[in-house]
Amino acid sequence: MSIMRFELFFKSALELRRQVPFLKKSGIYRVNLPNKGKQNPMADWCAQLKEVYPDVDICPHYSLKYQYYGSPEKTFAHFEKFCAALPTIGIQQCLLISGGGKKRKSDLSTLACLQMAQRRRNSSIHKIEIGSAFNPYFPKAEQRAEERKTLKLKLSTGLVSSVWIQIGSDDKLLREGLTFIKDIEKKHTDMKLEIYGSVFLPSERLLNQMRFRPWNGVFLSEKYLSDIESANEITLNMLKTYAEFDVTVLCETSIRGDIDIRRFQNFLQPYNNNMVSKPSTDTCKLNAGACINTSDNSPSVNTYMYVESESKKE
């Protein structure tokens, strides 16, 4: 299992830059930048963060909904321009999402975008590692079947190198979804996917928000929303499942100070003590947000941290 990533909370380049001292102090260097506003200057934000924190490992998100430019062709052209800019600032990956909510007839979906790029062999998109979102938690079987069908079509373009699992609370559906992805890999021996799985760090504030203003596409059970203890139990079970399937954990909770770091460490302690690992004596313990390898070899189970913005990844 890989190290966790942090997705950063910010609304401007200045606010983003102000987080750098805390990130460095905490040893946090793998971060995701969300695209939650209309035509956010994603490449510029990445460049500014790289300028003040050269060692940072950035995965920007790119929302085709928010980066809409009047037609599928113009929207695609802007995504190509974005992908062409990334290597010039030392970034080789992005998470491509369609975006939630109501759709325009002229919206470009993630699948359609990938298929357009597949037909254009010289596109700059081919030079970037593209991630795609996947939600295994839809309550209806036909919805889950459609989600799987869409993922298979995305993977068939040959442009997707990582799958990002939506957050949810049903461990059975999570296992079914992860098994589905692993089965695809087994059938295509030349395909190696990085898998990322989301979790929350539960709090009363979070539970209240999800009870009364739930995020689009996030399915949390009544038990999860009932109290902190239940939410913690479900989250720890999810972490064990992620470890079993070699999934990188995405913590979708704001980590802004030392108190948050200690709270996160305390929360993960049962997981670190009981995690499922590959046969190895190597261990990796969470220390102030950084992955600390306690052996001279590569860790069998790493733990990356990831913090997300106020709106849900779509």
Nearest 0.5 angstrom please: [X] [atom1] to [Y] [atom2], how far?
X	Y	atom1	atom2	answer
Met42	Cys94	CE	SG	9.5 Å
Leu220	Arg211	CG	CZ	11.0 Å
Phe76	Arg120	CZ	CZ	4.5 Å
Leu33	Leu95	CG	CG	11.5 Å
Glu129	Ile91	CD	CD1	12.5 Å
Ile58	Leu49	CD1	CG	4.0 Å

When you compare the side chains of [X] and [Y], does any donor N or O come within less than 3.5 Å of an acceptor on the partner?
X	Y	value
Ser106	Tyr68	yes
Gln48	Asp44	yes
Asn40	Asn35	yes

Are there over 12 heavy-atom neighbours, none belonging to Glu222, within less than 6.0 Å of that residue's CD?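 For Glu222, atom CD is not crowded (no more than 12 foreign heavy atoms under 6.0 Å).
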Counting only heavy atoms not in Lys24 (residues, nucleotides, ligands), do more than 12 fall under 6.0 Å from its NZ? yes
Kindly determine whether Glu80 and Ser123 satisfy side-chain hydrogen bond (donor to acceptor under 3.5 Å, both in side chains), including the steps that lead there. CA-CA 7 Å; Glu80 278 192 310; Ser123 172; 2.7 Å; yes
Are the side chain of [X] and the backbone N or O of [Y] linked by a donor-acceptor pair below 3.5 Å?
X	Y	result
Thr157	Leu153	no
Thr75	Tyr69	yes
Glu15	Lys11	yes
Arg213	Met210	no
Ser169	Ser221	yes
Lys223	Ser230	no
Lys50	Val56	yes
Gln166	Val218	no
Ser98	Ser109	no
Arg144	Tyr137	no

Could you tell me whether the side chain of [Y] reaches within less than 4.5 Å of the side chain of [X], counting heavy atoms only?
X	Y	answer
Leu96	Cys113	yes
Leu250	Asn32	no
Leu64	Ile97	no
Tyr66	Gln39	no
Ile195	Ser162	no
Arg175	Glu244	yes
Phe200	Tyr224	yes
Leu23	Tyr29	no

Could you state whether [X] and [Y] fall into the same hydrophobic cluster, counting links through intermediate Ile, Leu, Val, Met, Phe, Trp or Tyr residues with side-chain heavy atoms under 4.5 angstrom apart?
X	Y	answer
Leu159	Ile128	yes
Leu236	Ile228	yes
Ile125	Leu111	no

Could you report the tightest heavy-atom contact between [X] and [Y], atom names first, then the distance?
X	Y	result
Glu147	Asn135	OE2-N, 2.8 Å
Tyr242	Ser198	OH-O, 2.8 Å
Ile89	Cys46	CD1-CB, 3.7 Å
Phe10	Ser12	CD1-O, 3.5 Å
Asn232	Pro202	OD1-CG, 3.3 Å
Phe82	Pro60	CZ-CG, 3.9 Å

Please test Leu201 against Thr235 for side chain to side chain contact (heavy atoms under 4.5 Å, CB included), starting from the C-alpha separation and ending with a verdict. CA-CA 8 Å; Leu201 176 56; Thr235 301; over 6 Å; no
Starting from the C-alpha separation in whole Å, work towards a yes-or-no answer on salt bridge (charged side-chain N to carboxylate O under 4.0 Å, His left out) for Asp183 and Lys187. CA-CA 6 Å; Asp183 285 346; Lys187 293 177 182 177; over 6 Å; no
Give the intermediate values and the outcome of salt bridge (charged side-chain N to carboxylate O under 4.0 Å, His left out) for residues Lys172 and Glu176. CA-CA 6 Å; Lys172 179 176 180 294; Glu176 290 177 358; 2.6 Å; yes
Quick one: does NZ or CZ of Lys182 land under 6.0 Å from the six-membered ring centre of Phe245, within 45 degrees of the ring axis?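 Lys182 over Phe245 ring: no.
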Could you label the plane-to-plane angle of the Trp164 and His61 rings as parallel, tilted or perpendicular, counting under 30° as parallel and over 60° as perpendicular?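 The rings of Trp164 and His61 stand perpendicular, inter-plane angle above 60°.
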Should the pair Phe134 and Phe180 be assigned to parallel (<30°), tilted (30 to 60°) or perpendicular (>60°) ring geometry?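 Aromatic pair Phe134/Phe180 classed parallel.
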Might you work through the side chain to side chain contact (heavy atoms under 4.5 Å, CB included) test for Arg17 and Glu51, ending with a clear yes or no? CA-CA 9 Å; Arg17 292 167 73 102; Glu51 179 183 352; 3.7 Å; yes
Verdict with reasoning, Trp215 to Gln209, per side chain to side chain contact (heavy atoms under 4.5 Å, CB included): CA-CA 9 Å; Trp215 290 348; Gln209 179 181 0; 3.0 Å; yes
So Thr241 and Val247, side chain to side chain contact (heavy atoms under 4.5 Å, CB included) or not? Walk me through it. CA-CA 8 Å; Thr241 298; Val247 175; over 6 Å; no
